[in-house]
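Every chain is numbered from 1 and lettered A, B, ... according to where its sequence line falls, protein lines coming before strand lines. Owing to the predicted nature of the structure, the values given are computational and were not obtained by experimental measurement.
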Amino acid sequence: MVDLNRLRSELPDKYSVRENFPGLVYKGGGQRKASGTVLLFSNGSIIITGEDNNEIIMRILGDVASDLKSLGCQPREDVGLRVVNSVAQFRIRRPVDIALFAQSTPGSKLDRSRFPAVTWRDPQTGCTIRLFRNGAGVVLGSGDQAKIKQAVYNLYGIITKLGTSQTKRVNTSRTHVISAEGDGKEKKFYWVVNNQVGEGVDRTRLTELLVRLFGPSISKTVMRNLDILIGEQQQYTLKEVGQVLVSLLGEAPTNAFLDRLRRQADDYSL
DNA sequence: AGACTATAAAAGCTTG
DNA sequence: CAAGCTTTTATAGTCT
């Protein structure tokens with residue numbers, strides 16, 4: 001049992017309440033970007049979201065335990081973590097006719113006026129996939145990586161049978177898995193990109209160029225991936241930008257591709 | 001640049 | 001008795 005009222009009244013800056021919600025909300029990481037947010041309940045259950053690293057999760061839980069101890073409580077030490085959900089990202093190598101997918105695939109629905117992705121529940125794994133026309137997608141509803149990958153392969157099987165689609169292959173090697181845990185925790189798997197020194201591209205101008213080339217949404221995604229894969233910087237090398245674009249577009253990082261990128265960057269006086 | 005659209009999941013309390 | 005509330009996260013659209 002946890003005395004939530006005491007925690008809230010004694011440490012109001014750290015533990016907050018929400019209207020119509022019985023849990024206490026604790027922001028674990030302060031200014032850190034990937035800080036876990038903890039939901040504490042009266043029976044001692046804890047939900048952690050927004051953090052994928054088990055060590056950080058245990059540290060955050062330790063912080064909460066310290067606060068409880070400072071109030072004279074004795075929190076249990078044998079904390080068990082269980083993954084209850086996750087958000088996994090994948091990309092296939094071709095645009096997908098999501099309207100055709102929706103009309104020919106049972107268990108799918110699409111309402112482009114509300115959201116630009118087709119939603120499909122994989123009956124085998126129980127995972128829900130949201131697939132976008134550019135081949136990007138997310139897998140929801142499971143923390144089990146094997147099931148997540150299987151769901152993507154099942155989806156791929158449907159897409160390849162869809163008319164004349166020539167989708168090449170699923171890049172599950174590039175799948176991020178971000179899982180939320182009841183009792184809390186999350187996992188994230190990133191593929192590694194070499195960080196090389198070179199001529200820098202200014203962050204602001206790069207953003208503007210990406211908006212011009214791909215539109216605001218894609219630009220946002222590319223910048224976010226740059227921040228995650230390379231690290232948030234004011235300047236990126238063309239090679240780094242190329243690597244991230246390549247990972248998103250599923251194309252090989254040819255010199256021609258990088259030259260094209262460089263020319264367009266020059267045209268935009270980067 | 002940010003909010004909102006939609007999705008899954010857990011917790012436990014409130015509302016219809 | 002089920003549904004909504006709250007939190008997070010990826011994805012990509014529209015709109016302010």
Got a list of protein N/O to nucleotides 13-15 of chain B N/O distances below 3.5 Å?
residue : atom : partner : partner atom : Å
B:dC13  : OP1  : A:Ser42 : OG           : 2.8

*Is the aromatic ring centre of A:Phe115 closer than 5.5 Å to the centre of the six-membered base ring of B:dA6, with the two planes inclined by less than 30°?*
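Yes; centroid distance and tilt both under limits.
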I need the [atom1]-[atom2] distance between [X] and [N], as an integer number of Å.
X        : N      : atom1 : atom2 : result
A:Ile129 : C:dA10 : CD1   : C1'   : 13 Å
A:Asp144 : B:dA9  : CG    : P     : 14 Å
A:Trp120 : B:dA6  : CH2   : P     : 22 Å
A:Ile56  : C:dT9  : CD1   : P     : 12 Å
A:Leu81  : B:dA11 : CG    : P     : 15 Å
A:Phe41  : B:dA9  : CZ    : P     : 16 Å
A:Ile57  : C:dT9  : CD1   : P     : 12 Å
A:Ile48  : B:dA9  : CD1   : P     : 20 Å

Under a 3.5 Å cutoff, is there a donor and acceptor pairing between the side chains of [X] and [Y]?
X        : Y        : answer
A:Thr125 : A:Asp122 : yes
A:Ser16  : A:Arg18  : yes
A:Asp144 : A:Ser142 : no
A:Tyr15  : A:Asp67  : yes

*OP1 or OP2 of B:dA6 less than 4.0 angstrom from a side-chain nitrogen or oxygen of A:Thr119, does that happen here?*
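The answer is no; no side-chain N or O of A:Thr119 sits under 4.0 Å from OP1 or OP2.
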*Any side-chain N or O of A:Arg91 less than 4.0 Å from the OP1 or OP2 oxygen of C:dA12?*
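Checking A:Arg91 against C:dA12: at least one side-chain N or O falls below 4.0 Å of OP1 or OP2.
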Polar atom pairs (N or O), protein with nucleotides 13-16 of chain C, under 3.5 Å:
residue : atom : partner  : partner atom : Å
C:dG13  : OP1  : A:Arg133 : NE           : 2.9
C:dG13  : O5'  : A:Arg133 : NH2          : 3.4
C:dG13  : N7   : A:Ser217 : OG           : 2.9

Closest to the [X] side chain, choosing from [options]:
X        : options               : result
A:Asn85  : B:dA11, B:dA8, C:dT7  : B:dA8
A:Leu39  : C:dA12, C:dT6, C:dA10 : C:dT6
A:Arg130 : B:dA10, C:dT7, B:dT7  : B:dT7

First locate atom [atom1] of [X], then atom [atom2] of [Y], and finally report the distance between them rounded to the nearest 0.5 Å.
X       : Y        : atom1 : atom2 : answer
A:Glu10 : A:Leu71  : CD    : CG    : 5.0 Å
A:Ile92 : A:Asn134 : CD1   : CG    : 9.0 Å
A:Ile48 : A:Thr37  : CD1   : OG1   : 9.5 Å

Look at the side chain of [X] and the backbone N and O of [Y], then say whether any donor-acceptor pair between them is shorter than 3.5 Å.
X        : Y        : result
A:Thr105 : A:Ala102 : no
A:Ser9   : A:Asn5   : yes
A:Arg112 : A:Ala117 : no
A:Arg130 : A:Val139 : no

*Scan A:Ser113 against the nucleic acid and name what it touches under 4.0 Å (heavy atoms): base, sugar-phosphate only, or nothing.*
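Since no nucleic acid heavy atom lies under 4.0 Å of A:Ser113, the category is nothing.
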*May I ask you to say what A:Ala136 touches in the nucleic acid, namely base, sugar-phosphate or nothing, with a heavy-atom cut-off under 4.0 Å?*
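Here A:Ala136 touches the backbone only, sparing every base.
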_Less than 6.0 angstrom separating the ring centers of A:Phe132 and A:Phe115, yes or no?_
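Yes, ring centres under 6.0 Å apart.
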*Give, ordered by number, those residues of residues 100-109 of chain A having at least one heavy-atom distance below 4.0 Å to an atom of DNA chain C; if nothing qualifies, reply none.*
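Nothing qualifies; none.
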